K.L.:
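Shown below is the structure under consideration.
Per chain, numbering begins at 1; letters A, B, ... match sequence-line order. Because the structure is a prediction, the values reported are computed rather than measured.
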Amino acid sequence: MARGNHEVLATLEQIVGADFVSNEEANLQPYTWDMTWAEPRMPDYVVMPKTVTEVQRILRLANHRKIPVIPYTNGTNIGGLCVPEEGGIIIDLKRMDQILNIDPETCYAVIEPGVSHAAFSAALKATNPQWKGQEFSKGFDFGWGVHPASASVLAMAINHGIGHLNGRIGVNSQLLTGMEVVLPTAEVCKLGSCAYSDSWHSFLPLPRMDGLFTGWLGTTGIVTKLGVWIFPIRPYRDVLSVSAASAEDITKYMVHWRHYSLCDEVTAVSWWLAQIPIVFPYHDKPKDAPEFYSYSVITGWSQEELDYKRKIWKQVVDQEKAKGTKLFDFEYPPEAKRGRTELPSRIVGSTKNYSKSCGGGIAWPGTFAPCKSWPILYEKWKEIYIRHGLSPATRFTDYQGAHYGMLRCMTPFNKRDPASVQAARDAMVECVRAGIPEGMLPYKPPVEYQNELNAVADAGYLYLETKIKDMLDPNNIMNPGKLGIR
Amino acid sequence: MSHLLKNKNLEVAKIYDYVSMCTHCGNCKYGYEYGSENNFAAMLCVQGDKFNFDSYRGSRGKVSLARSLMHNRIGFSDAVAHVLFTCTSCGACQQMCETDIKPYILRMFEALRADAWKQNVKIPANIKAWSDTIGKNYNPYKEKHEKRLDWIPSSIKSSLPKKAEYIYFVGCTASYRQKEVAIATAKMLQKLKVDFTIVDDEWCCASPLLRTGQYDIAKDFVEHNSALPDKYKASAFITTCSGCYRTLSRDYKMDAPEGYADKYGKNLPNTKVIHTTQLVDEMLKKGEIEFTGKFAQKVTYHDPCHLGRHAEVYDAPRNILKKVPGLEFVEMYRNQKFSFCCGAGGGVRGGFADYSLETAAKRVKEAESTGAQVLTSACPFCYTNLHDAIEMNKSPLKFEDIVQIIEPIVKRK
Ligand SMILES: Cc1cc2nc3c(=O)[nH]c(=O)nc-3n(C[C@H](O)[C@H](O)[C@H](O)COP(=O)(O)OP(=O)(O)OC[C@H]3O[C@@H](n4cnc5c(N)ncnc54)[C@H](O)[C@@H]3O)c2cc1C
Ligand code: SF4
Ligand code: SF4
């Protein structure tokens, strides 16, 4: 069955060629749903542009006809963000897959939206940091998440994605250096140093206009090029692990250890998230098992540097134990260690750890929250989750910057059972509601979370957000409905 | 959103429990592996590489389709059939997947095709054409069954015993198309002093039928061929065709999802199935055979999907090639479990010849990039497609099946 309108289809075909547009339900249906509870909704067209000019022409058409446009790269955002609220055009950007530049001297790269983590990591590893032809070391790193390697680097970075260098350098949207964006009204703009020369090294010291397109979930424009900082791979690495009796204990340790800014990452996972797969449906953990397990990745340029970091870490653990913080030694499993030090990973990113045999559903309240609130919210969330028959498979990660970071609960659920879907959704929305007063903010939020946020947001914030959205997207064509304000 | 199985009559609904385990993660859309020196990253899905949309890209698109059909959200259409029949069943997506649907992915493709046959949708004309005649000819090439053994040189024919330890299961492609592979194989088996015969009542192994979801027709073929070893007092089938190897060793023998024991029973329980590369590799390892000449060329090897990803035979052909005197062996970037299909499988060569050859041309280009002079493989069906692509694109490469490389220079000690 075909959908949409023949004239629109014909114009889209003129723009990208007949092979790269479809209005057939057979081709539209993979874009109707994702792993979350989002209700499946059909777009009317899928179109795959190759060039910026094609993107412009599609947006011009969409504006003229007032047709919604949903930017899409891989659809793995865990928030239903690419499921069309009101039909329209899925603009699948996978054909824009060029790594346009890797500058090994200034240390940035410029990529198109369709560049996957897989392709980017392979290219970075094959490029050596250097200065005037003199090579310093082997390969470059970026902040790799634990998501499927086929996901887009650009889509992750502009939506405040979290990579494995978060303890050292922050979240990936803090690594952006330049941007090219097609506005909803089809103008192309360059932001940052690239607006003045071919150098894509930084947004500073200009006004940070990239903020108009980061964290906006594809509702304000289509980013067609992105500059990102890249980092020399440090050849020495290790994983330091410790477990704890409670959320309070593990938080004390994490904040103390990250205080020294010596690790690439420090993360803790609750007993339920440490199980492979996550326990579903909920059952109690064994009485004598720790509540939390933590790993911290350290890297360095020499064994001495690694030894020094390990020494300080040991001091932190000893001092905390002396203060009465209930920490226990535990050996990090070799398989998991490989997963942490060999990112991106097709194994870690495959969802097998989360959802084995449980019926295909995955969602999370994925949030940023002050470390102070972690133990408080963990206890609240745990109660909510257990009440809904779900495991509190919780993760804390302390990011570079203030002591704040990830608080999230990876939640498998059974899509074959409407009651399971409803329970998961209800539990997660309740967690978000409970978290907002404690400083918690959901990332890549599904519409349900946006509604919770908007209900309590500062009026001025909502006023400005709406004003910006209206200014950039007067016909509200860009991923409409996802911000809960239009 | 919940997934309720509404269309319970579909063949694919029988494996709904597994299909519903897909998380829509998209790992199957692109090939990736972390490496200590370099990371591997490449497109592996031939179908997605050609048709782009997510429906065509890896198993996720087809899972999506299966679910939408089972949930009655969409119906069968020509466009659905196009998605289903342009997948070569190469198994690269299955290789990438890590969740519980993984072992059922290829089975799901076949079940969906089986469902498509029952609908009023556009099955590729050429597949329909051979489907109409295979019951009479016992091959998908629309050739007469009586001509199946015409390729055998009289010198070989006269020396074949009535009964033997091995039946050389020639397969339709080598019997009717790439006869030089069949001849080289028979000559080689003689040189190696293998006790083998070739039988005139061999039928198509049923690979094209199973891969394209023609379950009912396949039944007779499975039953017929399964009776051959007893009839000729043979204890093993030996094949040069990777498709026959996969079908006889897995589909005939194994439980679902690897095989079709659930539909046709457990066949060939006492019959070994071996590929020629396994036989030669083993004899070389035991020191029973040796090379008496050289093959002084740079050679790269294409893993047939049915031998590689489907049956995990990666080492045997490489072990052999590395032992051939004078032969310089080079790998393509996409190799072994991350190989790129030749484009012929899953009924695609028959159904969509242009697209199939376009895919083969991509693989030939990759082989050229290694600097090799010879592209080799271990399957007459890959031979057809890669050889044709070499000719059509005037590639400097020469294609030779691995048996053709070793036959002239191998001897029993
Ligand atoms: C198992 C698993 C683990 C995960 N772990 C992590 C993790 O560790 N860290 C992390 O950050 N994320 C994680 N994620 C979430 C997700 O995979 C990443 O955010 C990913 O980068 C999304 O990429 P995508 O290509 O799937 O984007 P999509 O889902 O296709 O798009 C994401 C959003 O970006 C918008 N968008 C896409 N392209 C553009 C563009 N060019 N211009 C404007 N807007 C655009 C879309 O409209 C949508 O709103 C995980 C997901 C899974 C399934
Ligand atoms: S079997 Fe091969 S061609 Fe078919 S979807 Fe999987 S990777 Fe693509
Ligand atoms: S088939 Fe496997 S790899 Fe592909 S989307 Fe589903 S779970 Fe992921």
K.L.:
For atom NZ of A:Lys50, decide whether the heavy atoms of other residues, nucleotides or ligands shown that lie under 6.0 angstrom number more than 12.
P.N.:
yes
K.L.:
Heavy-atom pairs under 4.5 Å with chain A - which of B:Val19, B:Asn38, B:Asn52, B:Ile74 has more of them than the others?
P.N.:
B:Asn52
K.L.:
Could you check whether any side-chain heavy atom of A:Thr76 comes within less than 4.5 Å of a side-chain heavy atom of B:Lys29, counting everything from C-beta outward?
P.N.:
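Of all side-chain heavy-atom pairs linking B:Lys29 with A:Thr76, none is under 4.5 Å.
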K.L.:
Against chain B, label A:Asn27 side chain, backbone, both or neither, depending on which of its atoms sit under 4.5 Å from a heavy atom there.
P.N.:
both
K.L.:
Considering only heavy atoms, which portion of A:Tyr72 lies under 4.5 Å from any heavy atom of chain B: side chain, backbone, both, or neither?
P.N.:
side chain
K.L.:
For A:Val83, is it the side chain, the backbone, both or neither that has a heavy atom under 4.5 Å from a heavy atom of chain B?
P.N.:
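The answer is neither part of A:Val83.
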K.L.:
With only heavy atoms counted, which part of B:Val83 is less than 4.5 Å from chain A, the side chain, the backbone, both or neither?
P.N.:
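The answer is the side chain of B:Val83.
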K.L.:
Determine whether more than 12 heavy atoms belonging to other residues, nucleotides or ligands lie under 6.0 Å from atom OH of B:Tyr18.
P.N.:
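Count not over threshold, so no.
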K.L.:
Below 4.5 Å from any heavy atom of chain B, which atoms of A:Arg338 appear? Answer side chain, backbone, both or neither.
P.N.:
neither
K.L.:
For A:Glu24, is it the side chain, the backbone, both or neither that has a heavy atom under 4.5 Å from a heavy atom of chain B?
P.N.:
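Just its side chain gets close to chain B.
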K.L.:
Taking side chain as everything from C-beta outward and backbone as N, CA, C, O, which of these in B:Tyr56 sits under 4.5 Å from a heavy atom of chain A? Side chain, backbone, both or neither.
P.N.:
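It is the side chain, since no backbone atom gets that close.
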K.L.:
Out of curiosity, A:Asp19 CG to B:Lys50 NZ, how far, rounded to the nearest 0.5 Å?
P.N.:
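A:Asp19 CG to B:Lys50 NZ: 6.0 Å, rounded to 0.5 Å.
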K.L.:
Check whether any side-chain N or O of A:Tyr31 sits under 3.5 Å from a backbone N or O of B:Asp54 as a donor-acceptor pair, and report yes or no.
P.N.:
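Yes; judged by distance alone, with no hydrogens or angles, the pair exists.
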K.L.:
Sort B:Asp17 into side chain, backbone, both or neither according to what part of it lies under 4.5 angstrom from a heavy atom of chain A.
P.N.:
both
K.L.:
Looking at A:Lys94, A:Met42, A:Glu25, which makes the most heavy-atom pairs under 4.5 Å with chain B?
P.N.:
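Counting heavy-atom pairs under 4.5 Å, the top option is A:Lys94.
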K.L.:
Atom CE of A:Met35 and atom SG of B:Cys22: how far apart are they, to the nearest 0.5 Å?
P.N.:
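The SG atom of B:Cys22 is 8.5 Å from CE of A:Met35, to the nearest 0.5 Å.
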K.L.:
Output the option from B:Gly75, B:Ser77, B:Ser36 having the highest count of non-hydrogen pairs under 4.5 Å with chain A.
P.N.:
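With the most close heavy-atom pairs to chain A, the winner is B:Ser36.
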K.L.:
Which pair of heavy atoms, one from A:Phe20 and one from B:Phe53, lies closest together, and at what distance?
P.N.:
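In this case the closest contact between A:Phe20 and B:Phe53 is C-CZ, 3.6 Å.
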K.L.:
Report the distance from atom CG of A:Leu28 to atom OG of B:Ser64, rounding to the nearest 0.5 Å.
P.N.:
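Atom-to-atom, A:Leu28:CG and B:Ser64:OG are 11.0 Å apart.
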K.L.:
Quick one: of B:Lys102, B:Met43, B:Glu37, B:Lys62, who has the most non-hydrogen atom pairs under 4.5 Å with chain A?
P.N.:
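The candidate making the most pairs under 4.5 Å is B:Glu37.
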K.L.:
Which answer fits A:Thr341, side chain, backbone, both or neither, if we ask what part of it has an atom under 4.5 Å from a heavy atom of chain B?
P.N.:
backbone
K.L.:
Which value, rounded to the nearest 0.5 Å, describes the distance between A:Asn74 atom CG and B:Arg57 atom CZ?
P.N.:
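The CG atom of A:Asn74 sits 9.0 Å away from the CZ atom of B:Arg57.
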K.L.:
Are the side chains of A:Gln29 and B:Leu65 in contact, using a 4.5 Å heavy-atom criterion?
P.N.:
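Sidechains of A:Gln29 and B:Leu65: in contact.
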K.L.:
Any idea which heavy atoms bring A:Ala122 and B:Ala41 closest together, and the distance?
P.N.:
CB-CB, 3.8 Å
K.L.:
Start with the C-alpha distance between B:Met21 and A:Arg416, add both sets of side-chain angles, then the distance that settles side-chain contact (heavy atoms from CB on, under 4.5 Å), and finish with yes or no.
P.N.:
CA-CA 10 Å; B:Met21 293 301 167; A:Arg416 290 172 298 180; 3.7 Å; yes
K.L.:
Got a donor-acceptor contact below 3.5 angstrom from the A:Ser150 side chain to the B:Tyr30 backbone?
P.N.:
no
K.L.:
Between B:Tyr32 and A:Ser116, is any side-chain donor less than 3.5 angstrom from a side-chain acceptor?
P.N.:
no
K.L.:
Kindly check if the number of other-residue, nucleotide or ligand heavy atoms within 6.0 Å of NZ (B:Lys365) is above 12?
P.N.:
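At most 12 heavy atoms, drawn from other residues, nucleotides or ligands, come within 6.0 Å of this atom.
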